[in-house]
Amino acid sequence: MSTISKRILGLKLTSLVHLRGAVLTRSTGGPSGRSGHRMVAWKRLLILFGGFHESTRDYIYYSDVYAFSLDTFTWSKLSPSGPGPTPRSGCLMSVTPQGSIAIYGGYSKQRVKKDVDRGTQHSDMFLLKSEEGGEGKWMWTRINPSGIKPTLRSGFSVAVAPNHQVLLFGGVCDEEEEESLEGMFFNDLYFYDAIRNRWFAGQLKGPKSEKKKRRRGKAEACENTSEQEQGVANSPEPLEVVKEVVDEDGTVVTIKQVLAAPSLAAGPPPEDEDGTLEPSRAPVEPCPRSNAMLAVKHGLLYVYGGMFEAGDRQVTLSDLYCLDLHKMEEWKTLVEMDPKTQEWLEETDSEEDSSSGEGAEGGDEDQDVDSGESGEEEEGCHG
């Protein structure tokens with residue numbers, strides 16, 4: 001082996017030893033154990049904000065900020081000046097083109113009386129800035145962006161668009177009562193432009209072929225207006241298809257699928273450019289959900305999974321969708337799961353008539369375990 005090869009190999013081994021030693025070193029002064037926090041890479045630092053920790057007896061939400069150095073592999077706690085966000089988890093956290101760190105929204109809860117907690121979905125926004133000339137000095141600034149802001153929600157997903165805008169997708173708005181929790185789930189898109197300090201609602205344009213049909217059919221629509229008005233009174237009701245599905249755990253779930261009926265005055269299907277009839281199709285889009293995972297590659301937004309609730313039942317999704325952020329025309333389904341028109345109506349235990357005492361005892365035991373962990377699982381919907 002040549003001297004040069006030995007030197008290169010020696011440098012590689014030395015680097016690995018140093019890196020391995022740094023990783024195994026236990027750094028003091030770091031954040032406490034938590035979940036629901038957010039973290040971004042800023043220059044040679046990892047900046048961590050917020051989160052929560054919940055035990056069987058109590059819980060706590062955080063608004064502290066920590067920095068982890070990628071050079072020294074050590075933690076340091078930051079003490080930004082100015083009024084900052086209140087404690088929360090599951091917020092938007094992203095580095096802006098100007099070098100600041102944006103914080104938006106999030107979720108927290110507090111105890112209002114014994115055994116009664118009230119959740120808060122935040123909609124305020126802050127910038128965390130590194131002060132010029134002051135090494136290690138940071139400052140909070142509250143901002144109020146213009147434009148069309150996201151409606152109140154938590155459990156949304158975040159990614160960075162190709163033009164450095166921050167993208168927000170989906171989420172859930174919870175309406176909490178003392179004994180119940182109902183959520184409205186979303187599948188909409190919002191963009192935050194940090195340069196203009198403005199929110200935008202993501203609007204799909206539709207495929208190009210449909211645009212041509214709309215332009216071509218504009219004159220025909222004017223002629224058919226009177227016919228459409230007459231047909232409204234006689235328009236058929238949507239068709240409801242009810243069926244039962246047996247879940248993996250033996251639970252029988254009744255599903256209602258709502259099929260939109262064609263309008264009497266809709267006329268024949270639109271013709272393509274070559275004169276052939278092209279059947280109309282419903283637009284494809286992800287069903288409303290929270291806690292989906294997003295990724296952006298070459299201007300394409302990928303949305304996978306998430307969950308939604310129907311009554312007391314949680315449905316976990318495994319579908320995958322794609323949207324071209326440059327064209328903003330339409331969603332494309334890459335992996336299908338449930339039709340978006342499915343609605344969970346009720347569930348019945350398929351073994352409720354069973355006389356097996358052992359099975360009944362096992363079910364009660366499972367319910368006790370679930371109820372003991374329900375606080376952590378419920379909070380996971382917002383983290």
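Reckoned from all heavy atoms, side chains included, excluding hydrogens, waters and symmetry mates.
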> Report the distance from atom NZ of Lys113 to atom CZ of Arg118, rounding to the nearest 0.5 Å.
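Rounded to the nearest 0.5 Å, the NZ-CZ separation comes to 9.0 Å.
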> Just by distance, do the side chain of Ser69 and the backbone of Thr72 share a donor-acceptor pair under 3.5 Å?
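Present.
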> Could you check Leu46 against Val40 for side-chain contact (heavy atoms from CB on, under 4.5 Å), going step by step and ending with a plain yes or no?
CA-CA 6 Å; Leu46 301 178; Val40 296; over 6 Å; no
> What is the distance from atom CG of Asp319 to atom OH of Tyr304, rounded to the nearest 0.5 Å?
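Result: 8.0 Å between the selected atoms.
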> Rounded to the nearest 0.5 Å, what's the gap from CE on Met93 to CG on Leu128? Could you check?
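The CG atom of Leu128 is 7.0 Å from CE of Met93, to the nearest 0.5 Å.
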> State, to 0.1 Å, how close Met293 and Ser157 come at their nearest heavy-atom pair, and which atoms those are.
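Where Met293 meets Ser157 most closely, the heavy atoms are N-OG, 4.4 Å.
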> Under 3.5 Å, side chain of Arg38 to main-chain N/O of Cys91, donor-acceptor pair present?
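Here the side-chain-to-backbone pair exists.
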> For the aromatic rings, using the six-membered ring if either is Trp, is the centroid distance between Phe200 and Phe191 under 6.0 Å?
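Aromatic pair excluded; centres sit 6.0 Å or further apart.
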> Start with the C-alpha distance between Leu45 and Phe68, add both sets of side-chain angles, then the distance that settles side-chain contact (heavy atoms from CB on, under 4.5 Å), and finish with yes or no.
CA-CA 5 Å; Leu45 298 175; Phe68 184 79; over 6 Å; no
> Are any of the side-chain heavy atoms of Trp138 and Glu131 separated by less than 4.5 Å?
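No, every pair of side-chain atoms sits at 4.5 Å or beyond.
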> Counting only N and O atoms by type, is there a donor-acceptor contact under 3.5 Å from the side chain of Arg34 to the main-chain atoms of Gly50?
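Here the side-chain-to-backbone pair exists.
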> Run the side chain to side chain contact (heavy atoms under 4.5 Å, CB included) test against Ala201 and tell me which residues pass, sequence neighbours left out.
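With sequence neighbours excluded, Ala201 shows a side chain to side chain contact (heavy atoms under 4.5 Å, CB included) to Ile148, Tyr190, Gln203, given in chain and number order.
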> Would Lys297 and Tyr302 count as a cation-pi pair here, with the cationic atom under 6.0 angstrom from the ring centre and within 45° of the axis?
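Judged by the rule (NZ or CZ under 6.0 Å from the ring centre, within 45° of its axis), Lys297 is not positioned above Tyr302.
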> Check which hydrophobic residues are tied to Ile60 through side-chain heavy-atom contacts below 4.5 Å, counting indirect links as well, and list them.
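Taking Ile, Leu, Val, Met, Phe, Trp and Tyr as members, Ile60 shares its hydrophobic cluster with Tyr62.
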> Hydrophobic cluster membership, with links at side-chain heavy-atom distances under 4.5 Å among I/L/V/M/F/W/Y: are Leu334 and Leu323 in one?
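Different clusters.
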> So Leu167 and Leu189, side-chain contact (heavy atoms from CB on, under 4.5 Å) or not? Walk me through it.
CA-CA 7 Å; Leu167 182 153; Leu189 283 169; 3.7 Å; yes
> If hydrophobic clusters are built from ILVMFWY residues whose side chains come within less than 4.5 Å, do Tyr321 and Leu300 share one?
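Tyr321 and Leu300: separate clusters.
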> Starting at CG of Leu152, measure out to OG of Ser123 and round the result to the nearest 0.5 Å.
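It is 5.5 Å, given to the nearest 0.5 Å.
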> Any idea which heavy atoms bring Val95 and Ala41 closest together, and the distance?
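Val95 and Ala41 have their closest heavy atoms at CG2-O, 3.6 Å.
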> What pair of heavy atoms forms the shortest contact from Thr96 to Ala102, and how long is it?
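Minimum heavy-atom contact is CG2-CB, 4.1 Å.
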> Tell me every residue that passes side chain to side chain contact (heavy atoms under 4.5 Å, CB included) with Asp124, counting only those two or more places apart in sequence or in another chain.
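Result, side chain to side chain contact (heavy atoms under 4.5 Å, CB included) vs Asp124: Arg88, His122, Phe126, Arg142.
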> Less than 4.5 Å apart, any side-chain heavy atom of Glu329 and any of Asp324?
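A side-chain contact is absent here, since even the closest heavy-atom pair is not under 4.5 Å.
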> Start with the C-alpha gap between Asp188 and Arg153, add the side-chain angles, then the distance that decides, and say whether side-chain contact (heavy atoms from CB on, under 4.5 Å) holds.
CA-CA 11 Å; Asp188 46 2; Arg153 66 188 68 193; 2.7 Å; yes
> How far does NZ of Lys205 sit from CD of Glu330, to the nearest 0.5 angstrom?
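One gets 13.0 Å once the value is rounded to the nearest 0.5 Å.
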> Check Asp71 with Lys43, please: is the shortest side-chain N to carboxylate O separation under 4.0 Å?
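Salt bridge between Lys43 and Asp71, a charged N being under 4.0 Å from a carboxylate O: no.
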> With side chains defined as the heavy atoms from C-beta onward, is the minimum distance between Lys109 and Tyr61 less than 4.5 Å?
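Sidechains of Tyr61 and Lys109: in contact.
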> In Å and rounded to the nearest 0.5 Å, what is the OG to CE distance from Ser318 to Met337?
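These two atoms lie 4.5 Å from each other.
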> Is Cys287 close to Asn187 at the side-chain level, that is, under 4.5 Å between some pair of heavy atoms?
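With C-beta onward as the side chain, the pair stays apart.
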> With no hydrogens and no angle check, just 3.5 Å: does a side-chain donor-acceptor pair link Ser35 and Glu54?
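Ser35 vs Glu54: no donor-acceptor pair found between side chains.
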> Just by distance, no angles: are the side chains of Tyr59 and Asp117 close enough, under 3.5 Å, to form a donor-acceptor pair?
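Asp117 and Tyr59 do have a side-chain donor-acceptor pair below 3.5 Å.
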> Assigning hydrophobic clusters by single linkage (Ile, Leu, Val, Met, Phe, Trp, Tyr; side-chain heavy-atom cutoff under 4.5 Å), is Leu320 placed with Val296?
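No; tracing contacts between hydrophobic side chains, which count when under 4.5 Å, never links both residues.
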> Quick check on Met139: does its CE atom have over 12 non-hydrogen neighbours (other residues, nucleotides or ligands) under 6.0 Å away?
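Yes, enclosed.
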> By side chain to side chain contact (heavy atoms under 4.5 Å, CB included), which residues pair with Ser76, not counting sequence neighbours?
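Expected list: Ala67, Leu78.
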> Between Ser290 and Phe156, is there a donor-acceptor pair closer than 3.5 Å when you use the side chain of the first and the backbone of the second?
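Not a single qualifying donor-acceptor pair exists.
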> Taking all heavy atoms of Ser108 and all of Pro87, pick out the closest pair and write down the distance.
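Shortest heavy-atom contact: CB-O, 3.4 Å.
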> State yes or no: do Leu204 and Leu325 share one hydrophobic cluster built from I, L, V, M, F, W and Y residues joined by side-chain heavy-atom distances below 4.5 Å, directly or via other members?
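Hydrophobic grouping puts Leu204 with Leu325.
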> In terms of ring plane angle, is the pair Trp140 and Phe49 parallel, tilted or perpendicular, where the classes change at 30° and 60°?
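Judged by the thresholds at 30° and 60°, the geometry between Trp140 and Phe49 is perpendicular.
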> Excluding sequence neighbours, so at least two apart, what forms side chain to side chain contact (heavy atoms under 4.5 Å, CB included) with Gln110?
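Side chain to side chain contact (heavy atoms under 4.5 Å, CB included) list for Gln110, sorted by chain: empty.
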> Between Arg198 and Tyr192, is there a side-chain heavy-atom distance shorter than 4.5 Å?
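In short, these two side chains do not touch, never coming nearer than 4.5 Å.
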> Does any N or O in the side chain of Arg289 come within less than 3.5 Å of the main-chain N or O of Leu317, such that one atom is a donor and the other an acceptor?
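Side chain of Arg289 to backbone of Leu317, a donor-acceptor pair under 3.5 Å: no, none is there.
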> Mind checking what makes side chain to side chain donor-acceptor pair (under 3.5 Å) contact with Lys129, not counting sequence neighbours?
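With neighbours one apart ignored, the set is empty.
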> State, yes or no, whether a side-chain contact exists between Gln121 and Thr151 at a heavy-atom distance under 4.5 Å.
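Counting from C-beta outward, Gln121 and Thr151 never come under 4.5 Å.
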> Side chains of Ser100 and Gln98 only: does a donor on one sit below 3.5 Å from an acceptor on the other?
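Note: Ser100 and Gln98 side chains miss the donor-acceptor criterion.
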> In the structure I gave you, are the side-chain heavy atoms of Trp199 and Val166 within less than 4.5 Å of one another anywhere?
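No. Closest side-chain heavy atoms not under 4.5 Å.
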> Minimum heavy-atom separation for Pro85 and Ser63, please, with both atom names.
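Taking Pro85 first and Ser63 second, the nearest heavy atoms are O-CB, 3.5 Å.
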> Indicate, with yes or no, if Val284 and Phe169 share a hydrophobic cluster defined by side-chain heavy-atom contacts under 4.5 Å among Ile, Leu, Val, Met, Phe, Trp and Tyr.
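Same cluster.
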> What is the minimum heavy-atom distance between Gly299 and Pro162, and which atoms define it?
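Distance-wise, the nearest heavy atoms are CA-CG, 3.6 Å.
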> Any heavy-atom pair between the side chains of Val65 and Leu48 that's under 4.5 Å?
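Leu48 does not reach Val65 side chain to side chain.
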